[in-house]
Amino acid sequence: KGDKISEAYYGVDSEPVYVKKKGYARYAATLDRPGRVIRQEYFGADNRLVNGHGGYAVIEQTYENNRFPLPQSRSYLDADERPVNIRDGYAKIEFVYDKRGRVSQEKYFDHNGERTVNSKGYWRFKKLYTVYGKLGEEYYYDVNDEPVSVPSLGYASASYKYIGKTLLA
C-alpha cells in the first residue's frame, strides 16, 4: 500500500490533546499506491480510536480499479471497528459512475448491511445526463426500490429539458 498522512494536536507539555471542536486528538489517513485515501482514522489523546462528531472513528473506501480516482464505496466504523450508522442514517454508501465519471447512482446501507433510507428520505438515487453533461433526469427510491417523494425536494423524479446547454425555464 501507499503512504500515510496525519495531523495531531499537542498541549504545552507536548502531550497529545483532544480538540473538542474537531472531535479528536489525531487524524491519520492511509493512501493506496495511486494516492487515493483508503482509510481514515480518528484518535483520542490516549492514541485509541475515538468516535468523533460524526459518530464514527474510521472511514474505509474501496475503489474499482487503479485507474479510476473515485471511490466505489465508503464505510463508517465505530471505535471497535464495527459498522456504525452515522448521523445521516447509514453505515455504508455505494457509488455507481457513468462512462464520464459522474455519479449516476448512490445506494445506502445500515450497520447490518441492509438497505436503509438516508436522512434525506431515500435509499437510492439514479441520475441520467445529457450529451452535454447536464443533469437530464433524476429518480429517488425507497428500500423496496419503489419511487419515493423526497421531503426536502418535494418530488420523486425530475426531468430537465435543454436547448443545447441552456436549461428551459
Side-chain angles (χ1 to χ4, degrees), residues 20-24 27 29-32 34-42 49-169:
K20 188 174 183 178
K21 185 176 180 180
K22 291 192 170 282
Y24 56 89
Y27 161 83
T30 304
L31 310 176
D32 63 6
R36 302 170 300 194
V37 175
I38 57 173
R39 185 174 171 94
Q40 299 173 66
E41 301 168 303
Y42 299 87
L49 288 171
V50 62
N51 291 333
H53 297 312
Y56 55 87
V58 177
I59 301 172
E60 291 184 331
Q61 295 189 137
T62 62
Y63 297 86
E64 190 171 330
N65 59 53
N66 282 338
R67 294 183 310 265
F68 197 68
L70 301 172
Q72 183 177 7
S73 71
R74 181 177 300 129
S75 300
Y76 297 88
L77 309 175
D78 65 17
D80 294 322
E81 299 201 45
R82 295 181 305 222
V84 62
N85 287 351
I86 62 172
R87 279 187 262 179
D88 289 335
Y90 58 91
K92 182 178 182 179
I93 181 172
E94 292 181 354
F95 304 96
V96 177
Y97 302 93
D98 68 10
K99 292 176 187 175
R100 292 189 175 177
R102 298 171 298 214
V103 175
S104 61
Q105 289 189 59
E106 285 184 3
K107 300 175 185 177
Y108 298 87
F109 300 89
D110 68 15
H111 63 282
N112 292 317
E114 301 292 327
R115 294 177 177 184
T116 192
V117 172
N118 66 22
S119 63
K120 295 178 183 172
Y122 59 90
W123 164 65
R124 173 175 79 96
F125 78 64
K126 179 178 174 182
K127 294 186 177 187
L128 303 173
Y129 299 89
T130 70
V131 294
Y132 295 108
K134 303 285 188 179
L135 181 60
E137 298 174 40
E138 59 184 324
Y139 303 90
Y140 296 88
Y141 301 93
D142 66 14
V143 294
N144 296 314
D145 224 17
E146 296 292 329
V148 63
S149 183
V150 178
S152 63
L153 299 174
Y155 57 84
S157 67
S159 177
Y160 304 95
K161 301 296 179 200
Y162 300 83
I163 294 178
K165 295 181 183 180
T166 304
L167 179 64
L168 295 175

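Not counting sequence neighbours, the partners of Y27 by the ring-ring contact (aromatic ring centres under 6.0 Å, His included) test are Y42. Considering only residues two or more places apart in sequence or on other chains, Y140 meets the ring-ring contact (aromatic ring centres under 6.0 Å, His included) condition with Y122.
Interatomic distance, CZ of R82 versus CG of L77, reported as 10.5 Å (0.5 Å rounding). Separation of atoms CD (E106) and CZ (R74) is listed at 8.5 Å; rounding is to 0.5 Å. Between atom CD1 of residue I38 and atom OH of residue Y63 there is a gap of 8.0 Å, rounded to the nearest 0.5 Å. N85 contributes atom CG, which lies 11.5 Å from atom CG of N118 (distance to the nearest 0.5 angstrom). Between Y90 atom OH and T116 atom OG1 the span is 11.0 Å, to the nearest 0.5 Å. We find the OH-CD distance between Y97 and Q72 to be 8.5 Å, quoted to the nearest 0.5 Å.
In plain terms, the two heavy atoms of Y129 and G133 that are nearest each other are CD2-O, 3.8 Å. Scanning all heavy atoms of the two residues, the minimum distance from K92 to S73 falls at CE-CB, 3.8 Å. Closest heavy-atom contact between Y141 and V148: C-CG1, 3.4 Å. Across A79 and L49, no two heavy atoms sit closer than the pair CB-O, 3.5 Å. Closest heavy-atom contact between V50 and G23: CG1-O, 4.0 Å. Listed here is the closest heavy atom pair of H53 and K20: NE2-O, 2.7 Å.
A donor-acceptor pair is defined here as one N or O able to donate and one able to accept, closer than 3.5 Å; no such pair exists between the side chain of N112 and the backbone of E114. Proximity of a side-chain donor or acceptor of D78 to a complementary backbone N or O of D80 within less than 3.5 Å is detected. A side-chain donor-acceptor contact under 3.5 Å links Q61 to the backbone of V37.
Looking at heavy atoms from C-beta onward, Y108 lies out of side-chain contact with V143 at the 4.5 angstrom threshold. Contact check for E94 versus F109: side-chain heavy atoms found under the 4.5 Å cut-off. Residues E41 and V58 form a side-chain contact, since some pair of their non-hydrogen atoms from C-beta on lies under 4.5 Å apart. Using a 4.5 Å cut-off on side-chain heavy atoms (C-beta onward), F95 and P71 make contact. In this structure the side chain of D145 reaches within 4.5 angstrom of the side chain of W123, judged on heavy atoms.
Between E146 and R115 there is no salt bridge, since no side-chain nitrogen of the basic residue lies less than 4.0 Å from a carboxylate oxygen of the acidic one. A salt bridge is defined here as a Lys NZ or Arg NE, NH1 or NH2 lying under 4.0 Å from an Asp or Glu carboxylate O, and R100 with D98 fails to meet this definition.
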Could you walk me through whether F125 and V103 pass side chain to side chain contact (heavy atoms under 4.5 Å, CB included), step by step? CA-CA 10 Å; F125 78 64; V103 175; 3.9 Å; yes
Where do R36 and E64 land on the salt bridge (Lys or Arg N to Asp or Glu O under 4.0 Å) test, with the steps shown first? CA-CA 12 Å; R36 302 170 300 194; E64 190 171 330; over 6 Å; no
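Taking a 6.0 Å sphere around NZ of K126, one finds it holds 12 or fewer heavy atoms contributed by other residues, nucleotides or ligands.
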